[in-house]
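Okay, so here's the structure we're looking at.
Count residues from 1 along the sequence.
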Amino acid sequence: AGVAAAVLTADCLVIHIAERAVGGRVALLHAARECLVPRSGAPSIVETVFGACGFSPESSHVYVGFGIRSCCYGFDKVPPAVLARYGSSVGVADKGPRKGKPSVDLRAIAKAQLRACGVSEDRISVNPQCTACLGREGGQPGTGWSNVRDRPQAGRNAVVAWESKD
């Protein structure tokens, strides 16, 4: 019998890591902006998994799941830590209720951190869907929750993963 991992999000990325080394293990990361670029200067959640938790980048496959994209992820001010480390991922939201506000590409940050930790490009897959765009502009209604789009009625998206020995 294996162990399952689960995470709940609305707009935050979910990063699924499957390590294929002997014994194999999985991790599901709730990758909010603050988890990817902590204000405190502490290691990110990605750096922690490959550092302190000891996941092997050489034997890990990573899937960056859906979450909000820079098209909709606007906020009032770009945190200084994001500007200092990932200034090239900063832009402007061009859709939704936060249109015109500074934005950041969480996927670009996550991917840069994975690469810096030693995960090769061919072991990283990225889901391009935006949680805030789903259900509008021709998207599939009911396919995901978004704090930005659905607030204050936003629910949560559940992701469950497990390592199968088959």
Side-chain angles (χ1 to χ4, degrees), residues 5-18 26-39 42-50 57 60-161:
V7 66
L8 300 174
T9 69
D11 287 316
C12 299
L13 295 179
V14 175
I15 300 175
H16 172 241
I17 302 170
V26 298
L28 284 177
L29 310 181
H30 181 267
R33 184 200 37 84
E34 182 66 25
C35 298
L36 290 170
V37 189
R39 281 176 251 177
S44 75
I45 193 167
V46 171
E47 294 161 335
T48 299
V49 166
F50 288 101
S60 293
H61 292 270
V62 181
Y63 177 71
V64 180
F66 80 166
I68 198 161
R69 293 187 62 93
S70 57
C71 58
C72 296
Y73 184 47
F75 40 94
D76 292 327
K77 183 179 177 188
V78 178
V82 172
L83 281 174
R85 290 182 68 188
Y86 302 102
S88 64
S89 70
V90 174
V92 176
D94 61 4
K95 296 180 189 175
R98 296 183 181 175
K99 182 176 180 176
K101 293 188 175 224
S103 187
V104 66
D105 186 344
L106 295 176
R107 286 167 180 78
I109 293 171
K111 198 168 178 183
Q113 289 180 1
L114 289 161
R115 297 288 295 126
C117 287
V119 180
S120 63
E121 185 78 28
D122 64 325
R123 292 177 174 267
I124 302 170
S125 299
V126 179
N127 181 322
Q129 290 182 303
C130 175
T131 46
C133 287
L134 291 172
R136 79 165 183 247
E137 298 176 7
Q140 296 290 326
T143 55
W145 291 101
S146 167
N147 279 332
V148 168
R149 185 193 67 224
D150 303 322
R151 187 171 253 149
Q153 298 87 7
R156 294 294 176 261
N157 305 305
V159 177
V160 180

What is the minimum heavy-atom distance between P128 and R69, and which atoms define it? O-CD, 2.9 Å

Of the options V7, V49, V14, which is the one that meets L29 in a side chain to side chain contact (heavy atoms under 4.5 Å, CB included)? V49

Positive for side chain to side chain contact (heavy atoms under 4.5 Å, CB included) with K95, one of S70, C133, C130: C133

Is there side-chain contact between V159 and H16, with heavy atoms separated by less than 4.5 Å? no

Do the side chain of R149 and the main chain of G96 share a donor and acceptor less than 3.5 angstrom apart? no

List the steps, then state whether side-chain contact (heavy atoms from CB on, under 4.5 Å) holds for V90 with V82. CA-CA 8 Å; V90 174; V82 172; 4.1 Å; yes

Closest heavy-atom pair and its distance - T131, A10: CG2-O, 3.4 Å

Of the non-hydrogen atoms in C12 and A32, which two are nearest, and what is the gap between them? SG-CB, 3.4 Å

The salt bridge (charged side-chain N to carboxylate O under 4.0 Å, His left out) partners of K101 (sequence neighbours excluded) come to D76

May I have the list of side-chain donor-acceptor pairs in residues 105-117 shorter than 3.5 Å, sequence neighbours left out?
{"residue": "D105", "atom": "OD1", "partner": "R107", "partner atom": "N", "Å": "3.1"}
{"residue": "D105", "atom": "OD1", "partner": "A108", "partner atom": "N", "Å": "3.1"}
{"residue": "R107", "atom": "NE", "partner": "N127", "partner atom": "O", "Å": "2.9"}
{"residue": "R107", "atom": "NH1", "partner": "I68", "partner atom": "O", "Å": "3.1"}
{"residue": "R107", "atom": "NH2", "partner": "G67", "partner atom": "O", "Å": "3.0"}
{"residue": "R107", "atom": "NH2", "partner": "N127", "partner atom": "O", "Å": "3.4"}
{"residue": "R107", "atom": "NH2", "partner": "Q129", "partner atom": "O", "Å": "2.5"}
{"residue": "K111", "atom": "NZ", "partner": "E121", "partner atom": "OE2", "Å": "2.7"}
{"residue": "Q113", "atom": "OE1", "partner": "S44", "partner atom": "OG", "Å": "2.8"}
{"residue": "Q113", "atom": "NE2", "partner": "L36", "partner atom": "O", "Å": "2.7"}
{"residue": "Q113", "atom": "NE2", "partner": "Y86", "partner atom": "OH", "Å": "3.1"}
{"residue": "R115", "atom": "NH1", "partner": "V119", "partner atom": "O", "Å": "2.7"}

Taking every heavy atom of C72 against every heavy atom of A132, the minimum-distance pair comes out as CB-CB, 3.7 Å

By ring-ring contact (aromatic ring centres under 6.0 Å, His included) - contacts of F50 (at least two apart): none

Might you point out which heavy atoms bring A31 and I15 nearest each other, and give the distance in Å? CB-CD1, 3.7 Å

Are N147 and R156 close enough that some pair of their side-chain heavy atoms sits under 4.5 Å apart? yes

Roughly how far, to the nearest 0.5 Å, is CG of D122 from NE2 of H61? 8.0 Å

Let me confirm one number: the OH-CG distance from Y63 to L28, rounded to the nearest 0.5 Å. 12.0 Å

Where S146 and D11 come nearest, the two heavy atoms and their spacing: OG-OD1, 2.8 Å

With no hydrogens and no angle check, is any side-chain donor or acceptor of S103 less than 3.5 Å from a backbone partner on Y73? yes

